[in-house]
Every structure is written in C-alpha cells, then in structure tokens.
Amino acid sequence: MDFQFGEKEEQFRLEIREFVKENLPKGFIGNMFEEEHTDENWAFAMSIAQKLAKKKWLTISWPKEYGGMGASTWQKVVFAQEAGYWGIPGIGMGVSGTAWVGPSLMLFGTKEQQEKYIPLIAAGDPDGVWCTGYSEPDSGSDLASLQTTAKRVGDNYIINGQKVWTSCAHKARYIWLACRTQQNTEKKHQGLSLIIVDMKSKGLTLNPLKNFMGGHVFNELFFDDVKVPVENLVGVENNGWSQLMTALSFERGLALSAGGACVRILDELVEYAKETDRIDDPFVRQSLADLAIDIETLQILSFESAWKEDQKKIVIYEPSRDKALCDQLLEKVSRVGSDILGVYSQMDIMNKDPRWSKLKGSVEHVYYYCIGLAIAAGTTDTQRNIIANFGLQLPRSY
Amino acid sequence: MDFQFGEKEEQFRLEIREFVKENLPKGFIGNMFEEEHTDENWAFAMSIAQKLAKKKWLTISWPKEYGGMGASTWQKVVFAQEAGYWGIPGIGMGVSGTAWVGPSLMLFGTKEQQEKYIPLIAAGDPDGVWCTGYSEPDSGSDLASLQTTAKRVGDNYIINGQKVWTSCAHKARYIWLACRTQQNTEKKHQGLSLIIVDMKSKGLTLNPLKNFMGGHVFNELFFDDVKVPVENLVGVENNGWSQLMTALSFERGLALSAGGACVRILDELVEYAKETDRIDDPFVRQSLADLAIDIETLQILSFESAWKEDQKKIVIYEPSRDKALCDQLLEKVSRVGSDILGVYSQMDIMNKDPRWSKLKGSVEHVYYYCIGLAIAAGTTDTQRNIIANFGLQLPRSY
Amino acid sequence: MDFSLGVEQKLIQKSVREFFTKECPKDKVRELKETKSGFDSKMWKKLVKLGYLGLIFPEEYGGTEGEFLDLMIFMEELGRNITPCPFFTTVALCGIPIVKFGTDEQKKAILPKIIEKGHIWTLAQTEKKANNYSNEIELTADLSGDNYVLNGTKLFVPFANSAKQILVVARTQKGKDANHGITLFMVDAKTKGINIEVIPTAAKDCRCEIVFKDVKVPKENILGTKDKGWEIVDYIFQQASVLKAAEMSGGCQAVFDIIVNYTKERKQFNRSIASFQAIQHRLVDFMGRIEGLKFLVRKAACEISTGNSSARLNSMAKASANKIYHDLCYHSIVLHGAIGWTEEMDIGLYHLRTRSLLFDMGDVHFHKEKIADELQFHSPAFKEVYS
Amino acid sequence: MDFSLGVEQKLIQKSVREFFTKECPKDKVRELKETKSGFDSKMWKKLVKLGYLGLIFPEEYGGTEGEFLDLMIFMEELGRNITPCPFFTTVALCGIPIVKFGTDEQKKAILPKIIEKGHIWTLAQTEKKANNYSNEIELTADLSGDNYVLNGTKLFVPFANSAKQILVVARTQKGKDANHGITLFMVDAKTKGINIEVIPTAAKDCRCEIVFKDVKVPKENILGTKDKGWEIVDYIFQQASVLKAAEMSGGCQAVFDIIVNYTKERKQFNRSIASFQAIQHRLVDFMGRIEGLKFLVRKAACEISTGNSSARLNSMAKASANKIYHDLCYHSIVLHGAIGWTEEMDIGLYHLRTRSLLFDMGDVHFHKEKIADELQFHSPAFKEVYS
C-alpha cells in the first residue's frame, strides 16, 4: 500500500504551478463553465488553451503520436487535481474534443478524419473546438431513445431533428452527433451512428439556452435537412451505440478535478475565516473540518478508481460512485461555504464585484453550478442505479 | 385558526398529572414495551392498568356504553401526549385489546362476544389482555399473503400455521388471529378471516423471541391442530381483510404519544445539560434546539391529523406521514441525546444502574427501541409508499 | 384546536393569490430583475388602492385593522408567487413597530401615508458583522443641537433605493452591554449625506448599501426611547421572522407543486419518473417537512394574533423554513434534469432567492440559539409534578 | 500509489479472518457477553501462541517487528468479527507507547511478558468529564518517599477487570496549562487500594470503574517523563484512533455484507426487496461511504507506517468511522424488518457496540476540532503560488 504520489508526479505538480503563476492573474480562481459565458472569457480561455497545447497538457492523456503528452495515469491525476484547484481555463476547450472526440477518432476514425481533426484539437485551435450532440428533448437519462435522423441520400446524410443541452455549441466548430441511421430496429439502441457535423452547415440553427442565473452554457440545436458528406460517418454505420458507450467511458476525471476545486474552496474558506476572525467560532471550525473529511474521502476514492484503471482492472461502477459522491460533495461545499459567507453568499455570479463577492464569487458559483453538474452526464440517481446494478449486482429498479 | 387546547382539555391534563403524581414513583420515566420484559414490570403495569380502568382512561376512546370514557378527540390527544410524556405503564395492556380488538368487536362481534370479552378489557383484567396474530415469517409488509389456515370441521375451526413478531403474546389471554379460511382464491386478500383464539388452547405453543438487547417483546406462535369453536369467528367468514383493515385503522395516536415521550426526553436532556454545566456548549445548545423544532413539528402534524378526524374529514395518508416522521424523530432524539450523554450512552438497558444510567436509561432505551418502532406497523419505507400513492397520487412503485 | 383558515383569511388568500397571479406573472418577475427599482410601481399602486398596505393597521390611521394572521396569509401568497415588492420592508419591518412604539403624532404623520399613498419604508440594520446581534451596530448617532448626526454604513438594506423613509438602527451610546445604547431613527431617504448603492445580488432584489456621512436627523424622529431601541429591534424580529417564514413557506408550497407536477408528467424509460421509488420517497419526505413548516408558521402567527407571541415558536418557524428551502430548491431542480436549470423554468427564480431568504431575519444558527435560550429558562413539567 | 494490500498484509488478513471465524463464531460472541471476563482466555492463549501480540513489536523483545499496517489489518478483521478481547487495550493503548517511551529496562521487563505470556494491559484515562482533553485528568499522584500515591477514579476502562497492569494517566502537577503536569504510571492491577468494578454496558464489553485509594506506585514505574505525560497520551491517541477506526471499518464492511445479502434474499410482493429503488439507493450510498472509510483508514495507517503520521488523517479516519457506524447499523436493522431486531441475528451484536466505539478515542466533535486545528495552521498552496 502506498497513498503518496511519486517524486515524478510531485515534480510535475510544481511545473503546473509554475505555469499557473506565469499565466494566470494573481489570485485567479477559475469556475467551471464560466469560460463559455462571454466572448471575453472565451478568448482568455483559448489563449491559455494554446499555451497548454504547447506543453502538450491540453491533450495530456493522448498518445504522443497524435500530439498528446502520453502522460502516466498519475500524471493525469495530478493534472486533473491541479486544474481543479487553480481553475485553469481552456483546459478542455469545451471538453468534447480533447476528452472523447479525439480518442474516439483514434479508435474508430478513418485516416483522413484523424489527419483533419486531431491536430486542430491538439493545437488548441479555434477549429479544434467541439461540442457533443447526444441529449434530445425526450431522451435524457434514456439516451438510446434518441430520434434525430440521418438519412443516406447519395454521398450525403441528410440530418433532421433536434438536440438540446448542448454545451459549448456556441463556441464549437464541429459537433459530434449521435443520430439514428436506421428506423424501426428491434431494440432502441440499434441503428444509431456517430457523425461529424460542421457547425457552419446550412440548415443548422442554434438557440442559446441561458441558465436561471443568466449564464450561457447550454444550447438547443435544430437540424433541418442538414447535408453532411458520408465521409463524416465515424466508424461503422448503425454501430454507433457501442462507439458512443466507449466515448462516454472516456469522460473520466471529473471527480478528480472537482476534488481539486473543493480543496481550493476549503483553503480559501479557512483563510477567509481567519481574516474575518471567525476561525474560533466552533460552528465554522466543525463545518470546515467536516468538509475536509468529505473532500479527502472523495479524493481517495477517485484515486482508487484511477489506480484500478492503471492496473488494467475492470472499472465498472467506480466512476459512478465517484460522480455520485462528487455531486453531493459539491452541494455540501457550496452550502456550508455559503453559510460561512453569510449575507455575502447572495451575490450575483454574472456580475461579480470584488467589493461584495468574497472568494471571487467561487462559492456562489459552485452553489448554482453544482446543480448543473448533478444533472449532467447522468444524474446522481442515475449513477446510483448504475452502482446498484453493476457494483452490488442488484436487480434493475427502473 | 387556533392551535391551543381548550380549558376542558387543560383541566384534563392536570387531572392526568395528578394521577401520575399519586400513582407513579417520583421521577418515573416509563419506556415503551418495557412492561413486557419481566413479570415484575408486568405486575406493576397491570396494577396501573386497573387504576386507569377505574378512571375509564384505559379505554378512553370507547363509548361509555361499553365501559369507555367516550372522550372527545382533544381529550384523547391530551391523554396520548401525557401518556407518552410520563410513560404511564399499563396504558394499553399490550395495545391489542384496548386499541382494536374491543372497537372491532363493537363493530363486527356478536352480542355474546361483546359481552364475554369487552368488559374484561375495560376492567383491566388479566383476562382482558390480548395479542394480535397478523405477521408470519413470509408475510411482513405483504400482509395479505398470510398462510395460517383455519379449516372448518363440524363446529370447530382447526388452525394450523405459524405467527411471528407477536408482541405481548406471553402476557395475553387471547389472540386476535388473522388466518385463511378459503384456499386458492383469485386474489390473495380474499378468503381471510379473523378468529379469537384462547392462548391456553391445546396445540398452541409459544416461543419467546428476545431482541438483541435481551428484551422480551416478540414471540413466535405455532398452531398445530388448534381447535377453536366456530362462535369465535369474528364477523363474516372470508371477509376478514376488510375487517382487518378497519382494525388497523384504529391503531392511531402513536405519533401523539411518541411526541409526548420526545418532549420528556428533551426536557430531561435540558436539565441534564444544566446540571452537568454543558448548557453553554454551543453544540449542546444547537442540538437541543434542533430537536425542539422537530418535536414541535411532529406534534403539530399529529394534531392536524387528529383535527381532520375530528372534523370527519377523510384521513388517508396523514397517519403514515406522522408515523414516518415519528420514526425519524425518535432515531434523531436518541442519537442526539446519546451524543450529549457521551460515554454514558453505552449503558445496558436491561440492567439499569442509577449510578451509570442517566435519565433513567430512557435515551438508551429509545436508541434501541426506535428501531423496533420503525419496523413495527409498517416500516418507514412502507409509510412512504402509502403517502406517495394516497397523499401525492403517484403511481405504485413497489 | 382548529387548523382551518378563518373566513377572513380564506378571502385574503383567494384574492391575493388571484391578484398576484394576474398582476405579477413569472415573466414579470423575470423582467423586474432587470429594472432599477426591482418592483412594479403600477402593481404597488394597485396594492395600495386595494388597501393591502393597511391590512393590519388601526382604523384611525386608515387601516382595516385585520389580524396578524391576515398578514401571515398575505406573506404566504407573496412568497408563493415570489412577488418582488417592498411590502415586507414597509409593513413588517417599519409599519408594525411604528404602530407599537410610535407617538400618536408620529403615527398620524406616517401611517396614512403608507396606507393611502404607498410610501415605501425600509429598515437599515445590518452592518458588516451581519450577525443580527446588537454588537454589529456601530453606526453612530451623536446629538448636536436639535439634531442627531449619523455616520456609518448599512448593508443589504432591501429596497433602500426606492424608500421614502429609512428606519435606522444606530448606536447612541457605547458600553459593556451592547443591547443598551441603541436608538432607532426615522430618516428621510433624501437627507443630505445619504448615499445609496444597489448591491449586485443573485435575486436582483435591490439590497442596498447605505453610507451615512454627517446625516442630520431631527431629534424628534426617534422611534421609541433613546438608547432602548434594541427592544424595538427584538419586537420587529419576533414578528418579521414569522412573516418571512410565511413567505418562505408559501415559496416551498409553490416549488413542491411544481416538482410534483413535473415528475408526474415527465417520462423516461416509458414511465412517469414519479413512479421511481427513490424520487417518490424524496417527494414524500419533502411533503412532510413542508406541511410541518406550514403549520408551524401558522401556529406562531396565531399566537401573535392572540397576543401570546412565543419567541420559541417564532424562531422555530424561521429556522424550519431555512432548513427546508435550500434542500427543496436544490433537489427540485435536479429532479427536473437540465430543463430545471434554464431561465425559462420558474423553479430557478425561487432558488435565486434562497440565500437572501435564509439570512433575512436570522439564519438557522441564530434562531436555534434563541430556542436554546427558551429551553434553558423553561421549567419542565416533570420537575413540577415530581417536585 | 498502490491501493492493494502487500503480501504480508494479505497473509495476515487471511489468517486472522480464518482464526476469528473458527475460534470466535458469533454464538461465542453472544456467550462471552454473559461471562465475567468478557473474552475467551483460550482464544487469547492461541493468539499469543501464534505471535499476534508481538505483531509489531521489536524482535529484541520477542516481537516480529511487523509494520503498523499489519496491525491495522488485524484490527479490521477483529472489527469485522467483533471479537471481544483485550488486544486493543494491551497492544494499541499500552504496548505501543511503551515501545516508544519506555526505558530499555522497562521494555525488557514488560514486552516479552505481553508477547509471550499474553499479559493483559489497559489504559486508565477517562474520568468524569470524559472529554479526552487533559482537563479531565484529576486523579492525583503525589510523591511520598520512593512512591507516588494515587487517589482518584477512572471510568470506562476496558478490560480492567482482567488486566495485570494498568497504565494510569495521573496529575502530578496542577497549573494553568492543563496539558502540563500529567504523568503516566504503570500500575500493577493487584496493588492495594485499587478497586475495580464492571460497569453494565450494552455491549457487555467489560468497561470498568477503577477507584484508586492511596495506591502506592514505585516512582520508577513512570512511563516517559514526569509531568510530560500528555505527549504520550497524544501519541497513543494518534495511532489508536486509526486502529479503532480500522476496527470500525471492518465492522462496517461486515454489516454491509450482511445487509446486502439479506436484501437480495428477502422477498416481499414476490420480489427481492433489493429490487426496490429506495432500498438500492440507500445501500449504494452506504457502499460509497464505507469504501471511502476503508481507504481513509488505510491511508492514515500507511502514513504512520512510513513515519509520516498525519494528525489530520488520523482524526479523519476516526471521525469518518463514527459518522458511518451508527447510520449503517440503524438502517441495516430496519431493512431487515423485525428479524433484524432479534437476538439470533448477528446484526444486533454490531449495533450494541456502536455507542462505545463512537466514544473510544474520541467522538466526531473531538476529532473535527483536531482537524480544524490542522486546517488553521496549514499554509494553502494558493497563498504560496500567488504570494
């Protein structure tokens, strides 16, 4: 047993912190999804993304031959932690491209697709920004029931349908689209395909969906006879479901970076309590300690998941376990943090004013965004169902 | 709107307290089910039951013509509260007789049955002690699936089967038995009947089931060709289910007396905290206040249920709501109380020693018995199912 | 005991609900967030015209002398509809203490203007410690001739930017006992030296910073007795805690209705998601808590109405509201899935108010401490009977 | 990073589990509750014979010099089987500090007797305040000639009724700083003036009251330095907290296995009750918490093993164990239904220990306070990088 990072990883951690010091404004705390809110935020995020690309950190987990860093599991873990702690912007350029589009193309893409799209992502190029079209109005948790169709007509697919909750679509050059290429299949997850669609395509319209705080993360997309060349099909036609599941499994490490973000907020809250002379208040002390325990617990579990993957052990329920705990932890961190901030926890996150927003508004940001996160990539309840079925081998309850 | 008891009820409350002062040892706290543990406890409880019978309080809710007090809803509420607060022993002589056997016989019993059994109950006679045979090893929450059979042979029923979790059976003279008088019915709740069985019957054996703390509340009963005269059938043969449901609906007021018991423990904890100089500890203060809020909430809701019944409004989900909240409250009171008692919360409840058992062991008693209560008369989850179906009109989930 | 609303309250409930539904639909609530004043002055005028500002004020000043219960029901409905307006600040935070502590002259001068003209009042209490204890009051008022001169800063004062008058909690004397030496001044918001700035809050509910710089207030503008103002603040808190809890209770009822309806309608895996047991049980637990809150608030209000105001119940009402509101909003939005997070759904409007509601009139910790006080000095029945 | 057990630990895990399963089945645990000593002396002798008492003690005194991790694994298994025996008191509470603070002479005299003869030791620390802070230590030890004379009362001392020796935390000096003036004495349990009485606890785990009345202890029987004993107590707490947490973690794993198996097998409404979503989600949430606890404890133990003992992690381990144990036992019994409440099911045996386990080596509140200390004096990365 050993629960420490090696010297190599600690060295890497210092290197990341050096990067932070050089490239981020002093005291900067990046908040999740914030980079997509405004053009200004986005420009800054992309400028950092390009610097990350130079370090190969933008595609840290990619093999070197595709322009990645080919990092070890533990380097990736350290990077995710630090990325969360510092809130490094531009880290995934909207997530899709670096996290699953690139890796999926390496597995299922044609040589032409690989050569066309992969380098743009790895370079942090604006044309390397992707979004992902999975969810539809009537298929959320029940993803396989999606209805957007792609009909083969000559050398093209004609796409019709609607996608929703598409984050980063307003910044993306391409969309990684799940659609139905065969109708009336025996099972609903048959007949699906993954197709690459240029966001500039004719017939594709975007409707921004602001969240209730005023932030812009989600979009609605309408496909009205959108014509896409057949070479944009990824992998095998009608075999999209298994490719999609593979792609979903690349979406890991959320708990790791969230853990880092929680440590940062805890650190900041402790300092805040010291500065405002509340550190001796027994309630503040107990609350902070309580958070510290839960954060340490989440971190250790997410390390265990990473370790299992690293050991090539079968990892089935663990990411769901970590996600479910992470959802609950973020809610708790933000709630307890808000209680400590008191009246200052009511600040507007779209209109931060250093006179009023304590901790640069990060507690309030998590307060509202933890909800979005609990919903995204499978709600907490969905994760619980997965854990029950695959972690505890209990019968299906839904 | 009015949330106060009337003068008549407050007068009644004083009368009850006078009774307590006269008949219970100074400082007495009665704990639920404790009276069934030993012969000594039982004898004391029965002596009080007879005194209660003289006041007509033993059968407070029965009509006067059957030997009851014919009390108003609010008198009953006050009595339940006070009974819980003081832990008056013998209050229901094992519950069954006073709570549903008597009232059911008034509704469904023959004149002979009424004359034979009802006066014994109302008088607090040892032969007026009843137990109830519903649960079986394979039918707990799913009561209608019970398997004990009563076969008509001449003027007798021959009963075979097994009952379990029968509280007070070791003290009872009669058992109120639910059994199957018809086999292979279309639906499982058809073909059931209620039959009165003398506990002294041949072929009936009792096996005590001690709980893990060493207390004796539950029993197992084995019926091996137990012969019962047909006149012991209650109501209509094969129509037992609806009678049984009616009987179950008489089992109210648990939340009221539990509320009273919680107030007592809170009062005692506050005094304990004062005596041990812990009342200024912010954690003790906040914990006590938190309990006070939850107790007040449970009480107000159980009053609301009583009010609805009093108003002849349809009461469907409310008792389940109160029971579910009550289960959770008792757990919390005992847990938080234990935290305040600290090391003294680990005392043996079967072997109380005033040197060690603080608050006469009442916190530890609730600590273990709240579990039994959460299980009894429908688990907390079963209550939630009922509330979901009937209170919120949601589809059945089980 | 009687859990039903009286005829009067039923009438108010019905009319206020209809009024708000018509005059302030949720899209209006959204729009108002983007305005300077944060509320709809036309609706305010209608409220005045309908006499709601005088709901519980004495007839001699133009009010209708209703019960405190009526006001509680009004606040439930206001909270149910999350109607942004300075009703609470004007009536609960200022009008009520003026009725109780004002001189006849003051009442004659002030109350008719509130009731008939809809003059807006607010209470400036919070300072940087923001703990609702008297030790947070540092704004000074020093006598100079016939005037007091006020210096200091008040924070998060609701609707100060629209107020005609501000009730200012000031320190006129410093000493060991922080409760002593506090005085309440009624200050014209236009007085020289007052600078008001709106703080950017999530709910955009016009919480203001007010800087007082050598602000002169005539000494007859004291409410109550000099140096004994903390009693008035306590009086305000007792009643306003219950009214704020009523607002939150109404909000909880609305949110609960929204989420129950949504889960019944929303289908996944070919089933209404309300058929999933985990969701059902969560809803059920909320129902119990919300019903408990509703009656706790109503009971506390009832006791105030009958002159038996209970500090214990008042604090329980607010603490209980605080305990439920956040959890309910959080879980209700999550149960909606992504759509719950969007601007177009009403649920988010409720959640944007969570944090300010929690701190208005005291957080859970504050109220539990008050309850502990009550427990500590209460003599339990068992001690009396067994003595 | 490596989450797997080492070869040595796997071996210990396997052999200890087999040993306890064979030597102390649950019916034996039930029987032992009714005995005076509370443990099986035959099993104890076997443990000694197998060398477990010397698991981590130096070879020169007859031990096998294993790692702290080995001991942690031993405690997990002990907790999994809820084996009642004075192992923890002897090894964790007394042996470990003797190895660290004892003179060579003391170690030579004491350790071989523990390791080879199974001498039972226990720590007498708790007094009536029972808060685990130094201010609870009031038992006095006054020098008189070559002896110290001990007077006072210790409470809830585990297995004192079977102990050969008692490590007594006494006050040799009173002053402002309660941490100063504390001295640890090694006292023969048979010394005149010692009176031991078993306290009737739920778990019947032989918690004793020890009254010291003019008990003479030779002054060479001090462990460590006079007046500086609180350092030793802290040292004991650091390690024993982790070991107690390991015991609880093992217990949680066992309880969880029991309840998962039961819910899978138990049928109601023609379905396994584990198919009900509300039950599933409860189990799932427990699984996450129990796995988290397991690794937290193991991490804390690992750091001690490598000489990097972390007060933060040690307290987290115990606090976390405390947070889970009660909830898990309560819900597991309720999920069983009535049968879970009976004597015949093992689950109750675990719950009977809940309260003593929670307070052994400090409750949640105590450990959170320790963690807060660590947080307060830790310098965060952001301050360093952005300085």
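Scope of the values below: all heavy atoms of this structure, side chains included, with no hydrogens, waters or symmetry mates. Residue numbers start from 1 in every chain, and the chains themselves are labelled A, B, ... in the order their sequence lines are given, proteins ahead of strands.
With respect to D:Val284, the side chain to side chain contact (heavy atoms under 4.5 Å, CB included) criterion is satisfied by exactly one of A:Asn389, A:Ile386, A:Leu392, A:Asp381: A:Leu392.
Remark: aromatic rings of A:Phe3 and D:Phe3 are close, center separation under 6.0 Å.
Across D:His378, D:Met316, D:His281, D:Gln277, the residue that shares the most heavy-atom pairs under 4.5 angstrom with chain A is D:His281. Contact tally against chain D (heavy-atom pairs below 4.5 Å) for A:Ala324, A:Ala306, A:Ala273, A:Ala289: the top residue is A:Ala289. The most heavy-atom pairs under 4.5 Å with chain D, out of A:Leu24, A:Val20, A:Val284, A:Leu301, come from A:Leu301. Ranked by non-hydrogen atom pairs under 4.5 Å with chain A, the options D:Val260, D:Asp285, D:Asp373, D:Thr263 are led by D:Asp285.
Among all heavy-atom pairs drawn from D:Gln280 and A:Ala388, the shortest one is OE1-CB, 3.2 Å. When all heavy atoms are compared, the tightest approach of A:Pro395 to D:Ser272 is CG-OG, 4.3 Å. In this structure, A:Lys26 and D:Ser387 approach most closely via the heavy-atom pair NZ-C, 4.0 Å. The shortest non-hydrogen separation linking D:Gly292 to A:Ile300 is O-CG2, 4.3 Å. Scanning both residues, D:Met1 and A:Trp307, for their nearest heavy atoms gives O-CD1, 3.6 Å.
Only the side chain of A:Tyr317 comes within less than 4.5 Å of a heavy atom of chain D; its backbone N, CA, C and O stay farther away. For chain D, no part of A:Gln311 is nearby; none of its heavy atoms comes within less than 4.5 Å.
Note on A:Asp294 versus D:Arg289: no salt bridge recorded, every NZ/NE/NH1/NH2 to OD/OE distance being 4.0 Å or above. In summary, A:Glu296 and D:Arg312 engage in a salt bridge, as defined by a charged side-chain N under 4.0 Å from a carboxylate O.
With hydrogens and angles disregarded, a donor-acceptor distance shorter than 3.5 Å links the side chain of D:Tyr386 to the backbone of A:Phe28.
Residues of residues 261-270 of chain A having a heavy atom under 4.5 Å from any heavy atom of chain D, listed by number: A:Arg264, A:Leu266, A:Asp267, A:Glu268, A:Val270. Annotation: residues 5-17 of chain D contacts chain A through D:Leu5, D:Gly6, D:Gln9 [non-hydrogen atoms, separation under 4.5 Å].
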Item to check | side-chain contact (heavy atoms from CB on, under 4.5 Å) assessment of D:Lys323 paired with A:Asp290 | outcome: CA-CA 10 Å; D:Lys323 281 169 72 175; A:Asp290 195 52; 2.7 Å; yes
